[in-house]
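Structure first, commentary second.
To find a chain, count down the sequence lines: A is the first, B the second, and so on, and within it residues start at 1. Just so it is clear, the model here is predicted, and its values are computed rather than measured.
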2 protein chains.
Amino acid sequence: MKTVVHTTPLENLKEKILSYTLVDDEVLKEQLQSYQKLNLKKGDTLVIPGQLVQHFYYVVTGCIYYYKLDEGAQNVLEFYTDDVFFTDLPAYVKETPSNYYLKASEDTIVYAIKKTDAENSFKKSHQLERFGRLSMQEAFIKSFTRIERLNSRTNEERYLRLLKKRPDLFQRVPQYLIASYLGLTPVGLSKLRKRLGKS
Amino acid sequence: MKTVVHTTPLENLKEKILSYTLVDDEVLKEQLQSYQKLNLKKGDTLVIPGQLVQHFYYVVTGCIYYYKLDEGAQNVLEFYTDDVFFTDLPAYVKETPSNYYLKASEDTIVYAIKKTDAENSFKKSHQLERFGRLSMQEAFIKSFTRIERLNSRTNEERYLRLLKKRPDLFQRVPQYLIASYLGLTPVGLSKLRKRLGKS
DNA sequence: GAATCTCATTAAACTGGTTTAATAAAAGTG
DNA sequence: CACTTTTATTAAACCAGTTTAATGAGATTC
């Protein structure tokens with residue numbers, strides 16, 4: 001009989017928060033109670049265009065992709081996978097209808113916290129406010145590296161970089177979504193791959 | 001004789017901070033004392049590659065552009081103009097040498113706060129921590145809209161959008177930097193403009 | 001005010017993408 | 001298993017950008 005160290009999803013979230021800054025146990029406990037667990041099936045959506053975005057999310061396992069439709073074409077901005085926070089921030093902050101989809105590309109477990117709860121906790125606790133600042137800072141830096149890549153690399157470099165940095169994506173997400181993320185058409189990515197394969 | 005309401009640069013900064021959240025007067029006063037005023041001439045740099053980035057900055061007037069060199073070519077990521085906070089965040093946060101330049105494209109006044117001072121103030125004051133979080137959130141959203149544009153628009157749309165949103169840039173910054181910001185060569189931008197002019 | 005720099009435009013040849021459409025292969029589904 | 005749906009590849013025609021190099025037009029400097 002095997003002894004398994006069982007990590008609950010909520011413990012993942014707790015560890016994640018503590019990775020940013022120290023938070024007293026009672027405060028953290030109360031904060032964690034504000035999160036609601038959601039089990040999403042492949043294809044389920046958290047947000048669709050026109051909706052208000054009243055939650056902040058955390059992916060425990062699975063993959064959420066963030067995209068919009070431009071003249072019928074999916075346009076992928078980001079993939080959120082294991083142990084990251086996300087939401088549609090512009091809509092969340094401004095409380096205006098979203099222009100985006102947040103959709104599970106596979107079965108996915110997320111925790112959701114209501115904006116009002118999140119804001120109250122920031123107001124009540126300096127420590128959680130700090131966690132908020134630092135996680136936002138991290139998100140900003142990630143977003144910055146995205147800009148860096150979009151701006152400065154050729155498609156080929158971006159493809160190779162993604163292949164190296166997030167190889168799991170190529171297993172779990174269809175290639176046409178990756179093409180979109182790289183700013184290519186599926187045809188374009190296919191040609192690029194062919195070109196590389198030959199050399 | 002004219003009566004002029006004179007706004008000092010420091011008052012700009014004060015207003016900016018208060019635009020995010022309430023901060024008690026004494027706390028704010030102390031915070032403002034941590035900022036050092038810098039008068040930059042056109043071409044002066046705040047950061048060059050290889051340097052550590054130990055300050056957070058605020059542009060009062062003027063324009064700082066944020067770029068790196070890729071095989072000799074300037075690659076512009078952002079222009080920071082009046083009343084915005086900025087720094088080279090990845091280098092600032094990780095305390096690793098910068099890969100970028102921060103350079104004045106015209107005579108520019110900035111305020112600078114040392115990282116240690118900034119961090120202390122966040123630690124001491126929940127209100128300033130909150131200011132930190134909200135300003136970071138705003139920066140993230142701006143960066144996000146940049147990704148949105150880089151990712152989803154054609155060069156033509158991006159050009160027209162920039163022309164509309166930040167017409168001042170076209171007056172104060174050479175066109176080849178704008179081309180770089182749009183992800184084009186100077187030649188490419190020139191052709192694009194020609195094409196548009198004709199139609 | 002002549003000489004020098006800096007910046008924008010144009011031309012020509014080239015290229016890595018696009019679109020559209022057909023085909024092939026793989027993955028669900030009853 | 002056969003059927004349908006989804007995803008990836010290929011081909012062909014096209015185009016918006018690239019590079020390189022020459023020219024032009026404004027600023028700057030002495």
Side-chain angles (χ1 to χ4, degrees), chain A residues 40-45 63 65 67 69-76 79 101 103-107 149-163 167-199, chain B residues 41-44 63 65 67 69-76 79 103-107 149-163 167 169-199:
Chain A
L40 305 174
K41 287 281 160 203
K42 178 175 176 173
D44 287 354
T45 57
C63 181
Y65 66 111
Y67 71 99
L69 293 181
D70 281 338
E71 292 147 28
Q74 277 181 334
N75 197 324
V76 175
F79 299 102
Y101 294 84
K103 190 175 198 166
S105 71
E106 61 190 63
D107 293 356
R149 274 175 279 143
L150 279 174
N151 203 48
S152 70
R153 309 277 170 176
T154 63
N155 291 324
E156 181 177 323
E157 283 173 306
R158 296 217 304 276
Y159 167 73
L160 290 171
R161 194 184 171 104
L162 188 66
L163 199 56
D168 60 302
L169 279 186
F170 291 80
Q171 306 311 315
R172 66 206 294 185
V173 166
Q175 194 171 299
Y176 68 88
L177 290 182
I178 290 174
S180 167
Y181 179 73
L182 292 170
L184 295 171
T185 58
V187 177
L189 179 53
S190 181
K191 283 177 80 170
L192 191 160
R193 281 160 57 85
K194 189 181 178 187
R195 212 174 63 229
L196 290 178
K198 272 178 184 162
S199 61
Chain B
K41 287 282 160 203
K42 177 174 175 175
D44 287 354
C63 181
Y65 65 112
Y67 71 99
L69 293 181
D70 280 339
E71 291 148 29
Q74 277 181 335
N75 198 323
V76 176
F79 299 102
K103 190 174 197 168
S105 71
E106 62 190 62
D107 293 356
R149 274 174 279 143
L150 280 174
N151 202 47
S152 70
R153 309 275 170 178
T154 63
N155 291 325
E156 181 177 323
E157 282 174 306
R158 296 217 304 278
Y159 167 72
L160 289 172
R161 195 186 171 103
L162 188 65
L163 198 56
L169 278 187
F170 290 80
Q171 305 312 314
R172 65 206 294 184
V173 167
Q175 193 171 299
Y176 69 89
L177 290 182
I178 290 174
S180 167
Y181 180 73
L182 292 169
L184 294 172
T185 58
V187 177
L189 178 53
S190 180
K191 283 177 79 171
L192 190 160
R193 282 160 57 86
K194 189 180 178 188
R195 211 173 65 229
L196 291 178
K198 273 179 185 163
S199 63

Roughly how many Å is it from [atom1] in [X] to [atom2] in [N], rounded to a whole number?
{"X": "A:F170", "N": "D:dT7", "atom1": "CZ", "atom2": "C1'", "value": "15 Å"}
{"X": "A:R193", "N": "D:dT9", "atom1": "CZ", "atom2": "C1'", "value": "10 Å"}
{"X": "A:I178", "N": "D:dT7", "atom1": "CD1", "atom2": "P", "value": "12 Å"}
{"X": "A:L182", "N": "C:dT18", "atom1": "CG", "atom2": "P", "value": "11 Å"}
{"X": "A:Y176", "N": "D:dT9", "atom1": "OH", "atom2": "P", "value": "14 Å"}
{"X": "A:Q171", "N": "D:dT7", "atom1": "CD", "atom2": "C1'", "value": "15 Å"}
{"X": "A:E157", "N": "C:dG17", "atom1": "CD", "atom2": "P", "value": "11 Å"}
{"X": "B:K41", "N": "D:dT28", "atom1": "NZ", "atom2": "P", "value": "14 Å"}

side-chain contact (heavy atoms from CB on, under 4.5 Å) partners of [X], counting only residues at least two apart:
{"X": "B:S105", "answer": "B:C63, B:Y65, B:V173"}
{"X": "A:E157", "answer": "A:R153, A:T154"}
{"X": "B:T185", "answer": "B:V187"}

Collect all protein-nucleotide pairs involving nucleotides 15-17 of chain D in which both atoms are nitrogen or oxygen and the distance is under 3.5 Å.
{"unit_1": "D:dG17", "atom_1": "OP1", "unit_2": "B:N155", "atom_2": "ND2", "d": "2.8"}
{"unit_1": "D:dG17", "atom_1": "OP2", "unit_2": "B:R195", "atom_2": "NH1", "d": "2.7"}

Out of C:dT20, D:dT7, D:dA21, whichever nucleotide has its closest atom nearest the side chain of A:V187: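 So the nucleotide nearest the side chain must be C:dT20.
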Candidates D:dA11, D:dT9, D:dA8 - which lies nearest the side chain of A:K194: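 Minimum distance to the A:K194 side chain belongs to D:dA11.
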Listed once per pair and sorted, the salt bridge (Lys or Arg N to Asp or Glu O under 4.0 Å) pairs that draw on residues 172-192 of chain A, sequence neighbours left out: A:D82-A:R172, A:E106-A:R172, A:D168-A:R172
Please identify each residue that fulfils side-chain hydrogen bond (donor to acceptor under 3.5 Å, both in side chains) with [X], with sequence neighbours left out.
{"X": "B:Q74", "value": "none"}
{"X": "A:R161", "value": "none"}
{"X": "B:N155", "value": "B:R158"}
{"X": "B:Y159", "value": "B:R193"}

Carboxylate-amine/guanidinium proximity below 4.0 Å for A:D107 and A:K42: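 Not counted as a salt bridge, because no side-chain N and carboxylate O are separated by less than 4.0 Å.
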Protein-nucleotides 25-30 of chain C N/O pairs under 3.5 Å:
none

Terminal helix-axis angle for the helix from C:dG1-D:dC30 to C:dG30-D:dC1, with five pairs defining each axis and rounding to 10 degrees: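 Its terminal axes enclose an angle near 50°.
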Any side-chain heavy-atom pair of B:L192 and B:L182 under 4.5 Å: no
Which residues share a ring pair (Phe, Tyr, Trp, His ring centres under 6.0 Å) with A:Y101, sequence neighbours left out: A:Y67
Side-chain N,O (B:Q175) to OP1/OP2 (C:dT6) below 4.0 Å: no
